[in-house]
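These notes are about the structure you will find just below.
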Number of protein chains: 2
Amino acid sequence: MIRVLIVDDHEVVRQGLRFVLGQEDGIEVVGECADGAHALAAIPALRPDVVLLDMVMPGMDGLAVLRELAGGPAVIVLASFLDDERVIEAVRLGALSYLSKTTAVDRVVEAVRAAAVGGSVLEAGTAALLIERVRQDRRRNPMDLLTPREREVLAELARGRSNAEIARSLRLGRETVKTHVSSILAKLGLADRTQAAIFGLQQGLIRLDEALDS
Amino acid sequence: MIRVLIVDDHEVVRQGLRFVLGQEDGIEVVGECADGAHALAAIPALRPDVVLLDMVMPGMDGLAVLRELAGGPAVIVLASFLDDERVIEAVRLGALSYLSKTTAVDRVVEAVRAAAVGGSVLEAGTAALLIERVRQDRRRNPMDLLTPREREVLAELARGRSNAEIARSLRLGRETVKTHVSSILAKLGLADRTQAAIFGLQQGLIRLDEALDS
DNA sequence: GAGATGGTCCCCCTCTAGGGGGAGGATCGC
DNA sequence: GCGATCCTCCCCCTAGAGGGGGACCATCTC
């Protein structure tokens, strides 16, 4: 008997999963939780073999639960979307399968049975993401090309500041700022400061909603 | 008997809703669809009184379906998140209720019964959003100040393009682009094209990850 | 008809931005 | 010590950006 714990903040999803898994031979749903904290508290008593874990939950999200669960029961992550970064991170943290909620329920059942013996069920989209990541790692993060000072200047660019403002902000001469900006453009292969600003935002140096403030 | 149609790409959600609603007196689930196009095709034959509509679906999403459904059956929108813009837009398009999937199933049943007689069930979060929107409308969206052509130019700015590139892209003279850029900066109170680009990204004219792509 | 608005293009002007150099000082590793 | 890297600042030069005008034409409104 495979003991399954369902962790999802959506009641309809929990009911759906319980209903589907309940009809399967050899699978028993031993509990369900609406958030990560309750799940971690309940696991010692429920002793599940497999945890079906929602990625997006209020409070403690799926990744946080995964971190705490290292070495415990097998985990299958259920997500509404295949968010690139989260897939990678979840797999790194030991998730066996990473399924979208759009997946046919048969696949979920399949993943549960596989997880009970340490196996994985990968969707086409997930597999593609993992491969893409390996590819990306080869053509390295362009940010590594920049010196610490250049990264500071790039962050200022991403805020929408002029050379003179950056000079004041970082206590530099305007000529020095120009030198850094030129290096940034050359190293990243960008045409002008506007493209640099966009790049900085894409890299998350500055949150989009906190740019332009001031 | 209230005839209900369930439209959601997640099979587990459909099963969950069918299970919950099926236990209610006076409610009958007459069908379920996995995407918007099938839903629109099936509605004339199924004649539902109430449509439970998922906001996020592949292909034709919830808003698109709502647009086509104007004047038809009552619609209750189900969403994973309370996305500000979508809530407003959905309500504007005639959705009676806008519920999060984290809502207790009792509320869904309540919303279905209300919708059958033209009523609404609002969650606290949704109500707050609507109030906030009314507040925002007072201090007006700055984008309304721009003409359609200026918005196009602003989108190009947000891509990181130069005046010459924008001119080629929009089939304009470079002087004309300069005129538009100047108007944009003046109307929005921004200092230069870099700030305009950031503003355009914040407004969602261009997705951050698709900026800079050539 | 007059007026307002939006779109297109032009001119002149100033100033910032950005490329291409040079150069001194600090730190680190060999 | 010596090379490498980084940070700082300077000069000259060109091209682009941005402000401030003006102009023509179309459409819509009153």
Side-chain angles (χ1 to χ4, degrees), chain A residues 140-203 205-206 211-214, chain B residues 140-203 205-206 211-214:
Chain A
R140 213 49 147 291
N141 189 344
M143 287 289 270
D144 294 349
L145 295 170
L146 301 185
T147 67
R149 200 51 158 171
E150 286 164 353
R151 273 190 281 269
E152 286 185 76
V153 173
L154 180 53
E156 293 296 309
L157 287 175
R159 285 199 160 87
R161 299 216 214 282
S162 68
N163 288 341
E165 289 172 324
I166 297 174
R168 277 194 296 279
S169 168
L170 299 182
R171 307 272 167 80
L172 289 177
R174 210 169 87 236
E175 296 301 321
T176 307
V177 176
K178 287 183 61 175
T179 304
H180 289 311
V181 172
S182 290
S183 306
I184 292 169
L185 297 180
K187 286 183 178 178
L188 300 180
L190 300 173
D192 52 46
R193 65 195 302 105
T194 302
Q195 295 193 349
I198 295 171
F199 181 83
L201 291 170
Q202 287 177 337
Q203 294 298 311
L205 285 181
I206 299 289
L212 289 188
D213 292 354
S214 107
Chain B
R140 211 50 146 290
N141 187 341
M143 287 288 269
D144 293 348
L145 295 170
L146 301 185
T147 66
R149 200 53 158 168
E150 286 163 353
R151 275 190 280 269
E152 286 186 77
V153 173
L154 181 53
E156 292 296 308
L157 286 175
R159 285 200 159 88
R161 298 216 215 282
S162 68
N163 287 341
E165 288 172 324
I166 297 173
R168 277 195 295 280
S169 169
L170 299 183
R171 308 271 166 77
L172 289 176
R174 198 157 73 254
E175 297 300 322
T176 307
V177 176
K178 287 183 62 175
T179 304
H180 288 312
V181 172
S182 290
S183 307
I184 292 168
L185 297 181
K187 287 182 177 177
L188 300 180
L190 300 173
D192 52 46
R193 65 195 301 104
T194 301
Q195 294 193 350
I198 294 171
F199 181 83
L201 291 169
Q202 287 177 337
Q203 295 297 312
L205 286 182
I206 298 288
L212 287 189
D213 292 355
S214 112

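Convention: sequence-line order gives letters A, B, ...; per-chain numbering from 1.
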Interatomic spacing from CG in A:Leu170 to CD in A:Glu156 - rounded to 0.5 Å: 5.0 Å

With the side chain counted from C-beta on, respond yes when A:Asp192 and A:Gln195 share a heavy-atom pair under 4.5 Å apart, and no when they do not. yes

Kindly indicate whether the side chain of B:Leu157, heavy atoms from C-beta on, has any atom under 4.5 Å from the side chain of A:Thr194. no

Identify the two heavy atoms, one from A:Ala158 and one from A:Ala211, that lie closest to each other, and give their separation to 0.1 Å. O-CB, 3.5 Å

Assess the residue pair B:Leu201 and A:Ile198 against the criterion (side-chain contact (heavy atoms from CB on, under 4.5 Å)); give the C-alpha distance rounded to whole Å, side-chain angles, the decisive distance to 0.1 Å, and a yes or no. CA-CA 9 Å; B:Leu201 291 169; A:Ile198 295 171; 4.0 Å; yes

Contacts under 3.5 Å, N or O only, protein and nucleotides 5-8 of chain D:
from  : atom 1 : to       : atom 2 : distance (Å)
D:dC7 : OP1    : A:Arg149 : N      : 3.0
D:dC7 : OP2    : A:Thr147 : OG1    : 2.5
D:dT8 : OP1    : A:Arg149 : NE     : 3.2
D:dT8 : OP1    : A:Arg149 : NH2    : 2.8
D:dT8 : OP2    : A:Arg149 : NE     : 2.9
D:dT8 : OP2    : A:His180 : NE2    : 3.1

Within-4.5 Å side-chain heavy-atom neighbours: B:Lys187 and B:Thr147: yes

Check against side-chain contact (heavy atoms from CB on, under 4.5 Å), B:Leu188 and B:Leu146: CA-CA 9 Å; B:Leu188 300 180; B:Leu146 301 185; 4.2 Å; yes

Looking at side-chain heavy atoms only, is the closest gap between A:Leu172 and A:Ile166 below 4.5 Å? no

When rounded to the nearest 0.5 Å, the distance separating CG of B:Leu212 from CZ of B:Arg161 is 10.0 Å

Derivation of the side-chain contact (heavy atoms from CB on, under 4.5 Å) call for B:Glu165 and B:Arg159: CA-CA 11 Å; B:Glu165 288 172 324; B:Arg159 285 200 159 88; over 6 Å; no

Which nucleotide span of DNA chain C, 5' end to 3' end, has atoms closer than 4.0 Å to non-hydrogen atoms of chain A? C:dA17 to C:dG19

Protein-nucleic acid N or O pairs under 3.5 Å, nucleotides 15-17 of chain D:
from   : atom 1 : to       : atom 2 : distance (Å)
D:dA17 : OP1    : B:Asn163 : N      : 3.4
D:dA17 : OP2    : B:Asn163 : ND2    : 3.0

